[in-house]
Amino acid sequence: MTLQLTVPSMACSACADTITKAVKTVDAAAVVEADPKTKLVSIETQASESSVKAAIANAGYPVT
């Protein structure tokens, strides 16, 4: 399943890396594309949307 999430607090590539690592804690095989300019994160994952959002929020980046 593909998720399109908006993460307003993502400001740089380091933020994107942190978000990617957070997603991979719930699905190691996830494919994550995070764009700090548009604040969009595209995730191809088998994990549930709620677990992915929780992992990103726990890393300090609340999803809107």
*What's the shortest heavy-atom distance between A47 and M1, and which atoms?*
O-CE, 2.8 Å
*What is the minimum heavy-atom distance between M10 and A34, and which atoms define it?*
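For M10 and A34, the tightest heavy-atom pair comes out as SD-CB, 3.8 Å.
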Let me confirm one number: the [atom1]-[atom2] distance from [X] to [Y], rounded to the nearest 0.5 Å.
X   : Y   : atom1 : atom2 : answer
D35 : S13 : CG    : OG    : 11.0 Å
T6  : L40 : OG1   : CG    : 5.0 Å
T45 : L3  : OG1   : CG    : 6.5 Å

_Any donor-acceptor N/O pair, K39 side chain to S9 backbone, under 3.5 Å_ =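 Flag not set: sc K39 to bb S9 has no pair under 3.5 Å.
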*Give a yes or no on this: more than 12 heavy atoms of other residues, nucleotides or ligands lie within 6.0 Å of atom CD of E33.*
no
Let me check something: any side-chain donor-acceptor pairs from residues 50-63 under 3.5 Å, sequence neighbours excluded? List them with distances.
unit_1 : atom_1 : unit_2 : atom_2 : d
S50    : OG     : S48    : OG     : 3.3
S51    : OG     : S48    : N      : 3.4
S51    : OG     : S48    : O      : 2.9
S51    : OG     : S48    : OG     : 3.0
K53    : NZ     : E49    : OE2    : 3.1
N58    : ND2    : A54    : O      : 3.3

